[in-house]
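Order of the sequence lines sets the chain letters (A, B, ...), proteins ahead of strands, with each chain counted from 1.
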There are 2 protein chains.
Amino acid sequence: MTDQSVIFGIAMAEKRREKRDPQQRRAEILASAFACFAERGFAATRMEDVAARAGIAKGTVYLHFPDKDALFTELVSGVASPILGQMGEFVANESITPRFAVSMFYALFRREVLETDRRHLLRLILAEGPMFPAVAEFYHREIISRGLGVLRILLGRAAARGELRNPKIVETPQLVMAPPLLSIIWTTLFEPYEHLDTQKLFDTFLDTLFVPAEDLSEGGTQ
Amino acid sequence: MTDQSVIFGIAMAEKRREKRDPQQRRAEILASAFACFAERGFAATRMEDVAARAGIAKGTVYLHFPDKDALFTELVSGVASPILGQMGEFVANESITPRFAVSMFYALFRREVLETDRRHLLRLILAEGPMFPAVAEFYHREIISRGLGVLRILLGRAAARGELRNPKIVETPQLVMAPPLLSIIWTTLFEPYEHLDTQKLFDTFLDTLFVPAEDLSEGGTQ
DNA sequence: GGTGATAATGACCGACCAGTCAGTCATATT
DNA sequence: AATATGACTGACTGGTCGGTCATTATCACC
């Protein structure tokens, strides 16, 4: 039995080497790295894990990425832009009210980040950021900085229309990002112990930020 | 030269073995571990670093802590309580307005956490939390849970007095913690690229949360 | 069906580090 | 002064893992 099964085992498990389009291989490796890093963090993830999950040998990973750091950096750099694109569109369209734009951003964030595995990636950036200045710098430049720019326009418009309960918010647009940030931390850290209703969190914050609809349209600034 | 300097070197660098009160040793090790973990993170900190910084040999650390995990867990568990004590007092005292209590909490947080090395510890908890469920659980139970309890009382009182612009906040007291959380992340991640005025951040949020003083005292709920 | 070019493999190397333990020595005790 | 104690030391071990490279498989094209 031993002999036979071993032989069969080997025959069956025989590695099918498969050449791939380099682009596709890269993507597969990145997908695998995403999963590994997301569930175990940077330090605890072994290159061999990444390779195994992608169904290839360790050496192959190094044909596509110079080292572990580069793999990580490339990974986290390629995850955020799409959302920001959406935001830009909302702002360009002046017929959309600021409140609606922000609420759409929150909805987008919930659907595309909080409720997907991307939330783990985002948390990873927060966690490992200080160890990877390049990542932190990239995120600030590409995401945060732009996001704040968009928010400033949006909040400025809202203030001009008298839609903000506290117009000074325009000067600290970071506040708008605080609830999403809290939700990321909470859901990845405390969710097992206490559930957080993020829908309610965001809705409540919106109601706090913007004046109620019924109090509007009776003159702006004053 | 070689001989002499070596001899002198040895003589000068001669390790002074020094016995200590175990309590004190423990404290020294914890202090050293604090510094090491804060500046390099959990994975990148070597037990030898911790020992060297405490001026002792590696083995000695293991006389006081069973392993690296235990050292870390013990460390982060012992950092948070004092602030919460203060908060408790503010709440007990009904003559203090809710707004003032929250603003004192923010001030305390800035002075005792944001502007000290403790901010790195707090960030460490956020970053490594998922790897140490015991830590996350401890923090939820001892800090978050209690903090939310205090906030619920405070916000409830504020709502009853008509001091909240949006009384629904009572149901999501987590929102009050969002700005401090943001400030921690920001200052430890993006500060090199863009300064955040935390004083202004907190003040603006307070002004958004609570109705302005001049609008008060003309009847509560309605 | 041969042949060069290239992708893929995985055994291997060496640096690194948590944790151990046999031995040392400062101090207390007698 | 002799002895006992146990806190302290640091060389060592066992294991892990990032990164390399000689070898092998696959493919495209003659």
Side-chain angles (χ1 to χ4, degrees), chain A residues 6 9-33 35-37 39-75 128 131-132 134, chain B residues 6 9-33 35-37 39-75 128 131-132 134:
Chain A
V6 163
I10 287 172
M12 278 154 49
E14 191 181 24
K15 283 283 172 194
R16 275 223 61 72
R17 278 193 190 198
E18 201 173 346
K19 288 201 180 186
R20 283 291 179 81
D21 171 53
Q23 290 304 319
Q24 199 178 337
R25 253 293 128 79
R26 261 183 86 84
E28 285 171 6
I29 295 171
L30 282 170
S32 165
C36 292
F37 285 135
E39 79 185 23
R40 327 210 355 144
F42 178 81
T45 301
R46 293 174 307 140
M47 290 302 268
E48 217 165 325
D49 297 337
V50 175
R53 196 149 186 162
I56 58 179
K58 184 163 64 150
T60 307
V61 177
Y62 285 91
L63 297 177
H64 297 268
F65 300 91
D67 57 27
K68 197 182 178 187
D69 280 28
L71 177 59
F72 181 77
T73 305
E74 170 123 0
L75 178 65
E128 310 279 4
M131 306 297 179
F132 297 85
Chain B
V6 164
I10 289 172
M12 279 155 45
E14 190 181 24
K15 283 284 172 191
R16 279 226 60 69
R17 268 197 191 203
E18 203 173 344
K19 286 201 181 185
R20 284 289 179 79
D21 169 54
Q23 289 305 317
Q24 199 177 336
R25 246 305 118 80
R26 261 184 86 84
E28 285 171 4
I29 294 171
L30 282 170
S32 166
C36 292
F37 284 135
E39 80 185 24
R40 325 209 359 145
F42 178 80
T45 301
R46 293 174 308 140
M47 291 301 266
E48 216 165 328
D49 298 337
V50 175
R53 196 151 187 160
I56 58 178
K58 185 161 64 148
T60 307
V61 177
Y62 286 91
L63 297 178
H64 297 268
F65 300 90
D67 57 26
K68 197 182 178 187
D69 281 27
L71 176 60
F72 181 78
T73 305
E74 170 123 3
L75 178 65
E128 310 279 3
M131 307 297 179
F132 295 86

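In terms of position on DNA chain D, the residue among M47(A) and T60(A) whose nearest nucleotide sits closer to the 5' end is M47(A). When each of L63(B) and D69(A) is assigned the nucleotide of DNA chain D bearing its nearest heavy atom, the one mapping closer to the 5' terminus is L63(B).
Side-chain contact between F37(B) and E128(B): absent, with no pair of heavy atoms (C-beta onward) separated by less than 4.5 Å. No side-chain heavy atom of H64(A) sits less than 4.5 Å from a side-chain heavy atom of E74(A). Using a 4.5 Å heavy-atom threshold, the side chains of R25(A) and L63(A) count as separate.
As rounded to whole Å, 14 Å separates atom P of dC12(C) from atom CD of E48(A). For D67(B) and dT20(C), the CG to C1' distance is 13 Å, given to the nearest whole Å. Rounded to whole Å, the distance from OH on Y62(A) to C1' on dA22(D) is 18 Å. If you take CZ of R26(A) and C1' of dA8(C), they are 17 Å apart, rounded to a whole angstrom. Distance, I56(B) CD1 to dC8(D) P: 7 Å, rounded to whole Å. Between D49(B) atom CG and dC17(C) atom P the separation is 8 Å, expressed in whole Å. The nearest whole Å value for the distance from the CD atom in Q23(B) to the C1' atom in dA7(D) is 15 Å.
To the nearest 0.5 angstrom, T60(A) atom OG1 is 7.0 Å from I29(A) atom CD1. With rounding to the nearest 0.5 Å, the separation of CZ in F132(A) from OG1 in T73(A) is 6.0 Å.
Nearest to the side-chain atoms of R46(B) among the listed nucleotides dC17(C), dG19(D), dG19(C) stands dC17(C). Distances from the side chain of K68(A) to the nucleotides dG19(C), dC8(D), dG19(D) place dG19(D) closest. Minimum atom distance to the side chain of A57(A) is reached by dG10(C), of the listed dG10(C), dA8(C), dC8(D).
A donor-acceptor contact shorter than 3.5 Å is absent between the side chain of T45(B) and the backbone of R40(B).
Relative to the axis of its first five pairs, the axis of the last five pairs of the helix from dG1(C)-dC30(D) to dT30(C)-dA1(D) sits at 10°, rounded to 10 degrees.
K58(B) comes within contact range of at least one nucleobase, with a heavy-atom separation under 4.0 Å.
A sub-4.0 Å separation between OP1 or OP2 of dC8(D) and a side-chain N or O of H64(B) is present.
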- Task: May I have the step-by-step check of side chain to side chain contact (heavy atoms under 4.5 Å, CB included) for F42(B) and M131(B), ending in yes or no?
- Result: CA-CA 10 Å; F42(B) 178 80; M131(B) 307 297 179; over 6 Å; no
